[in-house]
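Because only heavy atoms are used, hydrogens play no part in the values below, and waters and symmetry mates are left out as well, while side chains stay in. Just so we're clear, the structure is a prediction, and the values are computed from it rather than from any experiment. So you know, we letter chains A, B, ... as the sequences are listed, proteins then strands, and number each from 1.
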2 protein chains.
Amino acid sequence: MTRQINVGGVLLGGGAPVRIQSMTTTHTADAEATLMQIGRLAEAGCEIVRVAVRGEEDARALRAVKERSPLPVVADIHFSARLAVLAVENGADKIRINPGNIGGEEKVKLVADCVRAHGIPVRVGANTGSIEREYFEKYGRSARALVESALAGVRLLEKYGVRDIAVSVKASSVPLTVEAYELLASRTDCPLHVGVTEAGTRESGIVKSAVGIGALLLRGIGDTIRVSLTDDPVEEVYAAKRILRACGLEKEFADVISCPTCGRCEWESMRLAQEVERLAFGAKVRRKIAVMGCAVNGPGEAKDCDLGIAGGRENCVIFRKGEIVRTVPREEAEAVFLQEVRACLEGREE
Amino acid sequence: MTRQINVGGVLLGGGAPVRIQSMTTTHTADAEATLMQIGRLAEAGCEIVRVAVRGEEDARALRAVKERSPLPVVADIHFSARLAVLAVENGADKIRINPGNIGGEEKVKLVADCVRAHGIPVRVGANTGSIEREYFEKYGRSARALVESALAGVRLLEKYGVRDIAVSVKASSVPLTVEAYELLASRTDCPLHVGVTEAGTRESGIVKSAVGIGALLLRGIGDTIRVSLTDDPVEEVYAAKRILRACGLEKEFADVISCPTCGRCEWESMRLAQEVERLAFGAKVRRKIAVMGCAVNGPGEAKDCDLGIAGGRENCVIFRKGEIVRTVPREEAEAVFLQEVRACLEGREE
């Protein structure tokens, strides 16, 4: 059980649900553009948003962003204690820093005093690009080096009274990332921010993030997750939601299972499955819907579902909670089933 | 270490590389269409292909398929020992059956005698839709029930002298799948065929498969993998390749890492990263290429790569094996870098 921290009202760690976060791609100084993107992220299911603070303009814009942001805002700061303090004074709900590159212990103390005074948490983020020289020389580019580097930052903050600390140790290598977080989880009770860094473009990035974040979540490691994609950050949120769902960590959603299309398929179920998934993706109701092509695994799986369809040579069978609701000629099956799906998602099935 | 089996010349288990497999969506009786799809799968990187055998026509078509297939062919058979025997006699390199639904012990013996005579292996596949009644009643819809059900099939085949057996225990729930394979790996030395069943449409199916298969591979479990998608099976092969790569199990490929686009980005790197990834996806050379947006993590990561680019306000810097190769004005950077990428992928960089 990790310690719990409060990020602008959203609890992290200590048994709270795993939180989804993302990062804006706008210039933070452009508060309007930033707020517009935050709005899209919130709508997609993002729970905490991070913004880059690269200069004074960005830090000052935080005030306007915070005033209207529907999400807690984390300020991402590198190399400057002055900017960190300015960000906190302008309302950041949390800052992400790397104590190793903020300009020495005096500067860390300055930041620590400031966050304590404002009662906000800090994320210490080490990644393979920013391992501290000391640990890099001792342990090379390894899980140990990442973890020691991050924990050195944590100790430094704790020395100056900061207790509300999240930690991350991201690598672009998935096995290295998983190894580092496992070691980290055994060494600290700080809540863990989990992600694979520089994961890549949408297609390979989603797979790398799903493998790395998923493997950790399945072992109970991770209090908040970020999928990093070189893409629209809204895609990061969708991917994060899918990962949580795959790990069984999001309960209130409609799960659509469907057959691989195979030579056994009696009818073309791919298009129908996609349509059902589109209908179901946003629904916050706990349902399991199956689109099965044939009789081999179909009925066995679909019986377990709140709603299911299994194809046949001439007719399709629609199930609901184990009971056959109706048998429909193939050519009508799609329209009939989609109506049933809508009813199911809106809770009108009883 | 699992026992090793030979699937039409492709070794499985016992330290062999993790093999990628997929399944055709054609009617196997249509040998031409099936062969065309097998060709596409092979080109995408598939190493073993499964085809559905639902009737005598399918089984007899195997002969024509086998004659020209570039890949070993596995026949997927349910409910019929007669079809299993016919498939083997027509040249199947392996059969996938569920001994529990093939019609009793006499029939299992018939199939066992046949595969032994032809020297081909068998996959025993249990999934949540086909748990044997006995184990379902004892253990419910659980990992234990899946594993006991599969192992009962294995024991039955072994009783009749079959030793070359691969096993699978797929569920559509990722946590259940992972739990079942972990239990299975502790109970048998048969090579394991790993996958999540009815994973869904491309987007959610890839995430479910990546989490489940990835978590298992990272623990050293899995000798061959199948990503099940309700989509073109070629997509299954691409996803499988990405999963192997993410797990560090495919060495000879070009890894492209790229920044998440964020407010820190000095230039628009998303499009360039996608272009580089497209160039690199098929290349069978071990290279690491980085497309980094900015100075924060960029140079630190890119220095580790065979080739990298990091953006700046006016200029971009291109690295090669830790050395700055050149500084290029932003507007020229993309074209120059893509040339470098091509040279790198073709081994012309030295």
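- Between B:Thr201 and A:Glu275 the shortest side-chain heavy-atom distance does not fall below 4.5 Å.
- Ranked by non-hydrogen atom pairs under 4.5 Å with chain A, the options B:Ala239, B:Ser209, B:Ala29, B:Ala246 are led by B:Ala246.
- Contact detail for B:Ala210 and A:Ala210: the closest heavy-atom pair is CB-CB, 3.6 Å.
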Worksheet item: Run the side chain to side chain contact (heavy atoms under 4.5 Å, CB included) check on B:Cys247 and A:Val174 step by step: do they pass?
Response: CA-CA 6 Å; B:Cys247 294; A:Val174 173; 5.8 Å; no
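- Separating the CG atom in A:Asp255 from the OG atom in B:Ser173 is a distance of 8.5 Å, to the nearest 0.5 Å.
- Looking at B:Gln274, the atoms closer than 4.5 Å to chain A (heavy atoms on both sides) sit in the backbone and in the side chain alike.
- Contacts between B:Gln37 and chain A at a heavy-atom distance below 4.5 Å are absent for every atom of the residue.
- Per-residue heavy-atom pair counts under 4.5 Å with chain B were compared for A:Gly214, A:Pro175, A:Ser22, and the maximum is reached by A:Pro175.
- Neither the backbone nor the side chain of B:Asn101 comes within contact range of chain A; no heavy atom of the residue lies under 4.5 Å from a heavy atom of that chain.
- Listed by chain and residue number, A:Ala215, A:Leu218, B:Val178 satisfy the side-chain contact (heavy atoms from CB on, under 4.5 Å) test with B:Ala215 (two or more places apart in sequence, or in another chain).
- Counting heavy atoms from C-beta on, the side chains of A:Val291 and B:Thr230 never come closer than 4.5 Å.
- Contact of A:Asn98 with chain B is not made at all, since no heavy-atom distance falls under 4.5 Å.
- With sequence neighbours excluded, the residues forming a side-chain contact (heavy atoms from CB on, under 4.5 Å) with A:Leu279 are A:Leu338, A:Val341, A:Arg342, A:Leu345, listed by chain and number.
- Contacts between A:Glu203 and chain B at a heavy-atom distance below 4.5 Å involve backbone atoms as well as side-chain atoms.
- Heavy atoms of B:Ile243 lying under 4.5 Å from chain A belong to its backbone as well as its side chain.
- Applying side-chain hydrogen bond (donor to acceptor under 3.5 Å, both in side chains) to B:Ser204 and the options A:Lys241, A:Arg242, A:Arg245, A:Glu277 leaves one that passes, A:Glu277.
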